[in-house]
There are 2 protein chains.
Amino acid sequence: MTPAPAPDRRYKGSTADERRARRREQFIMAAVEVYGERGYRQATVKSVCDAAGLTERYFYESFPNSEALLIASFRAVTDHLFEGVARAGAASDHADGYERVRAMLTAYYEGLKRSPAPARVFLVEISGVSAEMDRELQNSLRDLGVLIEQTLYPGKAAERPSDELLMMGIVGGIIHIALQWIGQGYVRPVSEVAATALRLCRVLEHEPRLRIA
Amino acid sequence: MTPAPAPDRRYKGSTADERRARRREQFIMAAVEVYGERGYRQATVKSVCDAAGLTERYFYESFPNSEALLIASFRAVTDHLFEGVARAGAASDHADGYERVRAMLTAYYEGLKRSPAPARVFLVEISGVSAEMDRELQNSLRDLGVLIEQTLYPGKAAERPSDELLMMGIVGGIIHIALQWIGQGYVRPVSEVAATALRLCRVLEHEPRLRIA
DNA sequence: TCAAAGTGACATTGTTTCTTGTCAACTTGT
DNA sequence: ACAAGTTGACAAGAAACAATGTCACTTTGA
């Protein structure tokens, strides 16, 4: 009988689980960087590994394939961004709905500006990479829409926006405003960008004018 | 001296130029189909050739590489779509600005519905494929924005919209409305989709509310 | 009918990337 | 110090695909 191997031996101060988790984090951070610099399509597994200071062996220990890393990176970036948005919304609950949305949009665009590298990639470039990635993206857009609607109309606490078509239009507009802003090098101040996006949100105010048919 | 080869010999009733042009068209039509079915990323040169009923040899006679075909396909789809939009705008010049825009949006969404395959691909999936492709996409969005603004405010005939940030937001919204609509299988009637998009366009009506700072 | 132009099926080359494997060097607990 | 666990550098197989080339067959004009 060979003695059972030590199941949880420490290495450089950490257990196996801790080291695995840290490597996973390293890959995600490196991926955000590399995707931002070269775009997801041009980013190879090796380039991410190099940026992470790890080798391919650990990559395939951490993720089944490169798409899984993309999804994990997207989640990380989106969660971080939404955290800031939610915090801004919570911090401004003394103001009326639209001022709260303005604060949230400001936090959103500031978050994008703070980390320019991943912004473009995770806003649009990943569309069509895979069905699962598309679903992730759609979910994050829906979440943003729900957040905005609930801030404006706290009464109804719904899972989905009341007019999904319109809400997706608004959220899509918010994103394209960001893209235009980023593409021109962040020249306009954040306050102006947020104000522009807020104008889009104001369409939620009015019922659609009835068409005289 | 060898006799000069016949420079413009006919084959199956067409000259060399005509045949080349027809093959090019075949590739473009096939590409729109294949991109729509499998997505651009998953579409190989061979798959497009098979769909076109031609071989790789003619592909590389017609296009320097597969990105060139993508751009040509995008132009074809976009031109066709915009033609319908412009026609709808011209046909309704008796109505007021917003009704004309409604007619144009209706034509836009009807065009997307008429050919579902390419719609999704050419709306967003191609983002980030290459710098040149991105420029094409940006240009088409700007053109749509200019067209809308000029319909609403025929006075100023400008190359670029007066508030590019807002205009990109509106156009981005129009596109995301289409994406949501398509993603749900075109269940809502075109009139409703166009009406929703028109609500977005109405933000151009109002000056932004001044912020009390 | 014949030679040359044109065509289509298929082969080939070269590159790139994913993915797994090998092995020497390093770290740890004893 | 030592054996086992751990790591990083690198090799290498496998697959996919772009891009070019080959060749037999068809069509054309004379």
Side-chain angles (χ1 to χ4, degrees), chain A residues 1-27 30-31 34-35 38-73 129-130 133, chain B residues 1-27 30-31 34-35 38-73 129-130 133:
Chain A
M1 295 285 287
T2 57
D8 200 20
R9 177 181 161 187
R10 290 183 168 272
Y11 199 88
K12 302 233 181 180
S14 315
T15 68
D17 281 351
E18 288 167 350
R19 278 171 292 158
R20 258 195 297 276
R22 184 180 314 150
R23 282 194 292 261
R24 203 188 138 87
E25 279 305 309
Q26 282 179 266
F27 278 121
V34 173
Y35 294 167
R38 319 180 27 173
Y40 171 67
R41 271 149 258 237
Q42 276 67 41
T44 66
V45 171
K46 186 165 184 343
S47 66
V48 174
C49 293
D50 289 349
L54 295 167
T55 64
E56 294 101 313
R57 179 151 65 99
Y58 291 112
F59 180 90
Y60 291 103
E61 178 208 58
S62 303
F63 303 95
N65 49 54
S66 94
E67 190 200 316
L69 172 62
L70 175 67
I71 291 177
S73 307
V129 167
S130 78
M133 190 61 243
Chain B
M1 295 285 288
T2 58
D8 199 22
R9 178 180 158 188
R10 288 181 171 274
Y11 200 88
K12 303 229 178 181
S14 315
T15 69
D17 282 350
E18 288 167 351
R19 277 170 292 155
R20 257 195 297 276
R22 183 180 315 150
R23 282 194 293 260
R24 202 187 139 88
E25 278 306 309
Q26 282 179 267
F27 278 122
V34 173
Y35 293 168
R38 319 179 27 172
Y40 171 68
R41 270 152 261 237
Q42 276 67 40
T44 66
V45 171
K46 185 165 185 347
S47 66
V48 173
C49 293
D50 288 350
L54 295 168
T55 63
E56 293 103 311
R57 179 151 66 99
Y58 291 113
F59 180 90
Y60 292 103
E61 179 207 58
S62 302
F63 303 95
N65 49 53
S66 96
E67 189 199 318
L69 172 61
L70 175 68
I71 292 177
S73 307
V129 167
S130 77
M133 190 61 244

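The shown structure was predicted, so the numbers you read here are calculated from the model rather than taken from an experiment. Throughout, a chain's letter reflects where its sequence line sits, starting with A, and its residues are numbered from 1.
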Practice task
Have a look at A:Tyr58 and say if it touches a base, only the backbone sugar-phosphate, or nothing, with a 4.0 Å heavy-atom cut-off.
Solution key: base

Fill in the blank from the handout: Within residues 63-71 of chain B, those residues having any heavy atom closer than 4.0 Å to DNA chain C are none

Exercise for the section: May I ask you to test the B:Arg41-A:Arg41 pair for a side-chain heavy-atom distance under 4.5 Å? Expected result: yes

Practice task
Assign A:Arg57 to base, sugar-phosphate, or nothing according to its heavy-atom contacts below 4.0 angstrom with the strands shown.
Solution key: base

Completion exercise
Of the listed D:dT6, C:dT27, D:dT20, the closest approach to the B:Glu56 side chain comes from D:dT20

Problem - Residues in side-chain contact (heavy atoms from CB on, under 4.5 Å) contact with A:Glu61, at least two apart in sequence or another chain - result: A:Arg20, A:Arg23, A:Tyr58

Fill in the blank from the handout: Taken to the nearest whole Å, CZ/A:Arg20 to P/D:dG5 is 14 Å

Completion exercise
Applying side-chain contact (heavy atoms from CB on, under 4.5 Å) to A:Ser47 and not counting sequence neighbours gives A:Val34, A:Arg38, A:Ala43, A:Thr44

Exercise for the section: Measure from CZ on A:Arg38 to P on C:dT16 and round the result to the nearest Å. Expected result: 12 Å

Handout entry: Minimum heavy-atom distance B:Arg19-B:Ser14, with the two atoms named
Key = NE-O, 3.4 Å

Handout entry: Residue list, side chain to side chain donor-acceptor pair (under 3.5 Å) with B:Glu56, at least two apart or on another chain
Key = none

Problem - Any B:Phe27 side-chain heavy atom under 4.5 Å of B:Val48 side chain - result: yes

Practice task
Please report, rounded to the nearest Å, how far the P atom of C:dT7 is from the CD atom of B:Glu18.
Solution key: 12 Å

Practice task
Provide, to the nearest angstrom, the distance between the CZ atom belonging to A:Phe59 and the C1' atom belonging to D:dG8.
Solution key: 17 Å

Exercise for the section: Report yes if at least one side-chain N or O of A:Arg9 is closer than 4.0 Å to OP1 or OP2 of D:dT6; otherwise report no. Expected result: no

Practice task
Give one of base, sugar-phosphate or nothing for A:Arg23, where a contact means two heavy atoms less than 4.0 Å apart.
Solution key: sugar-phosphate

Handout entry: Separation of atom OH in B:Tyr11 from atom P in C:dA3, rounded to whole Å
Key = 18 Å

Exercise for the section: Determine the minimum heavy-atom distance between B:Ala31 and B:Ser73, stating which atoms define it. Expected result: CB-OG, 3.4 Å

Problem - Contacts of A:Ser130 that satisfy side chain to side chain donor-acceptor pair (under 3.5 Å) - sequence neighbours left out - result: A:Glu67

Completion exercise
Between NZ of B:Lys12 and C1' of C:dG8 the distance, given in whole Å, is 11 Å

Fill in the blank from the handout: Taking D:dG29, C:dT27, D:dT20 as options, the one with an atom nearest any side-chain atom of B:Arg10 is D:dG29

Fill in the blank from the handout: Shortest non-hydrogen pair, B:Val129 vs A:Gln42, comes out as O-NE2, 4.4 Å

Practice task
Using atom OH of B:Tyr60 as one end and atom C1' of C:dG8 as the other, report the distance to the nearest whole Å.
Solution key: 17 Å

Practice task
Give, ordered by number, those residues of residues 43-54 of chain A having at least one heavy-atom distance below 4.0 Å to an atom of DNA chain D; if nothing qualifies, reply none.
Solution key: A:Leu54

Practice task
Report the residue (A:Thr55 or B:Gln42) whose heavy-atom-nearest nucleotide on DNA chain D is the more 5′ of the two.
Solution key: A:Thr55

Exercise for the section: Rounded to the nearest angstrom, tell me the gap between atom CD in B:Glu61 and atom C1' in D:dA19. Expected result: 15 Å

Problem - Any side-chain heavy-atom pair of A:Tyr35 and A:Leu69 under 4.5 Å - result: yes

